[in-house]
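To start, the structure itself, in structure tokens.
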Protein chains: 2
Amino acid sequence: MAGAVIKEFPRKSGKAAPKNVREHILQVAEELIVQYGSNGFSYQHIADRVGIRKASIHHHFPTKNDLILVLGQMKADAFFAQMNSIMVGKGSAAEKLELYFNLFEENFIRGCGASISFFGMLGAEFGSQDDRVATRVRLFFSENISRLTALIEEGRKEGSLHFPGEPELTAVAIFSMLEGAMIIVRASGDWERYGEIIAQVRRLIVSP
Amino acid sequence: MAGAVIKEFPRKSGKAAPKNVREHILQVAEELIVQYGSNGFSYQHIADRVGIRKASIHHHFPTKNDLILVLGQMKADAFFAQMNSIMVGKGSAAEKLELYFNLFEENFIRGCGASISFFGMLGAEFGSQDDRVATRVRLFFSENISRLTALIEEGRKEGSLHFPGEPELTAVAIFSMLEGAMIIVRASGDWERYGEIIAQVRRLIVSP
DNA sequence: GTCTATAATTGGATAGAC
DNA sequence: GTCTATCCAATTATAGAC
């Protein structure tokens, strides 16, 4: 990319300092992708922030796509590990849905306070992604939706969740809202808003 | 951009052939932005599709930001003109909301059948936008939300719409869903899905 | 208005010394 | 593992002929 200015945003980072260079590269790459997109950052940007030369990055990740793919796999693994621990835990489906919402909110806030989620960004840029990355993004979305579908279906059976229509379409609608709201909220600059929107989604699904 | 391959998607274009070069450039630029993002296309890509040299594009739009800004203004004007004619028309708020949904669906389908909306894309890439473009995007979102808020508030008063919580948060939630669903649906490749998701949103807002 | 030519810069990636 | 040096292609943009 050429025109874009890489500006600093205030970070509310709760992230641990990277132990080694490879980890540091991955962390910085995630920040850059989440803020500027996969077409909006370069190895030079990473090098500047990590404090190495861009040639050194190629040693760890031969191509930019390799880097994005490794990062995508890591992010997906971490997310679904958290999601799994929610699903196998105790509590009603409504309570589990609440924890799932929290997962998104944390992801949003932690991601630089000025970001949309990692996969939300790659999803928007879907048309210009490498095939392997595109597959990874598609899988992230479809896995979220299928697990969310199972959850709210359970909630309807046990009576803790109430919604009209099919569980699967409802799940897609919820997931779309969580992803879409990140874009809307970021443009408004009012980060507090995200939590309030989630609260509204909760009202639409749980209370009726 | 470097890695991305500019692939052809099947177009369901209902768009008139451009009358002059300037218009043609704008039309092609919109297609490219909607598919690959504002960081994912270049003047060279436009030149190839329009059949002119890239230097010629600079005569019409000195910089890339100028082009994006002009396009953004045009798209916003056209969208709000349509939205206005819906709002001042006859019918219940529920019926007007329906027409608003249709506006999004048309926008999605017409935009190459493989796109997310123009402002949805710029919103995702918000962090790397020029200030003027960022302002334009922010305005598009906030105007949508304020008008949508007024509409559903009216619907609640007249009894044609039913939803829990505040009208404004509900409007943000709806708008977020409409934008977010474009990303999710595109990644899945199942375009028909968009209409079904909108139907589900309708059920969540209208039926209870 | 469009072209050729070209400048100036950045981007992704490699070779080989240390 | 990191560096310098370098390559080549792409990108944004301008100058000036037609």
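Throughout, a chain's letter reflects where its sequence line sits, starting with A, and its residues are numbered from 1.
Residue A:Ser42 is classed as a sugar-phosphate contact, given heavy-atom separations below 4.0 Å to backbone atoms only.
Between A:Tyr100 and A:Asn144, the side chains place a donor N or O and an acceptor N or O closer than 3.5 Å (distance only, hydrogens not considered).
A salt bridge links B:Arg49 with B:Glu31: the distance from a Lys NZ or Arg NE/NH1/NH2 to an Asp or Glu carboxylate oxygen falls below 4.0 Å. In summary, B:Asp66 and B:Arg132 engage in a salt bridge, as defined by a charged side-chain N under 4.0 Å from a carboxylate O.
For B:Ala55, counting side-chain heavy atoms from C-beta on, the closest listed nucleotide (C:dA5, C:dT2, D:dT12) is C:dA5. Comparing C:dC3, D:dC3, C:dG12 by their nearest atom to the side chain of A:Lys64 picks out C:dG12. Between C:dC3, D:dT14, C:dA13, one nucleotide has an atom nearer to the side chain of A:His58 than all others, and that is C:dA13.
Rounded to whole angstrom, the span from the CG atom of B:Leu67 across to the C1' atom of D:dA13 amounts to 14 Å. Spacing between atom CZ of B:Phe61 and atom P of D:dT14 amounts to 15 Å, rounded to whole angstrom units. If you take CZ of A:Arg53 and C1' of C:dG16, they are 17 Å apart, rounded to a whole angstrom. Rounded to whole angstrom, the span from the CD1 atom of A:Ile68 across to the P atom of C:dA13 amounts to 10 Å. When rounded to the nearest whole Å, the span between CG of A:Asn39 and P of C:dG11 equals 12 Å. The CD1 atom of A:Ile25 sits 14 Å away from the P atom of C:dG12 (whole-angstrom rounding). C:dC3 atom P lies 12 Å from atom CD of B:Gln44, rounded to whole Å. Atom CD1 in A:Ile57 sits roughly 14 Å away from atom P in C:dT14 (whole-Å rounding).
Taking side-chain N and O atoms only, A:His60 has a distance below 4.0 Å to OP1 or OP2 of D:dT2. A sub-4.0 Å separation between OP1 or OP2 of C:dG12 and a side-chain N or O of A:Thr63 is absent.
Mapping A:Lys54 and A:His59 onto DNA chain D via the closest heavy atom, the residue that lands nearer the 5' end is A:His59. Closest-nucleotide positions on DNA chain C for A:Tyr43 and B:Val21 were compared, and the one nearer the 5' end corresponds to B:Val21.
Remark: A:Arg202 is not positioned above the aromatic ring of A:Phe101, lacking an NZ or CZ atom under 6.0 angstrom from the ring centre and at most 45 degrees off the axis.
Between B:Phe119 and B:Phe140, the ring-plane angle classifies as parallel under the 30° and 60° cut-offs.
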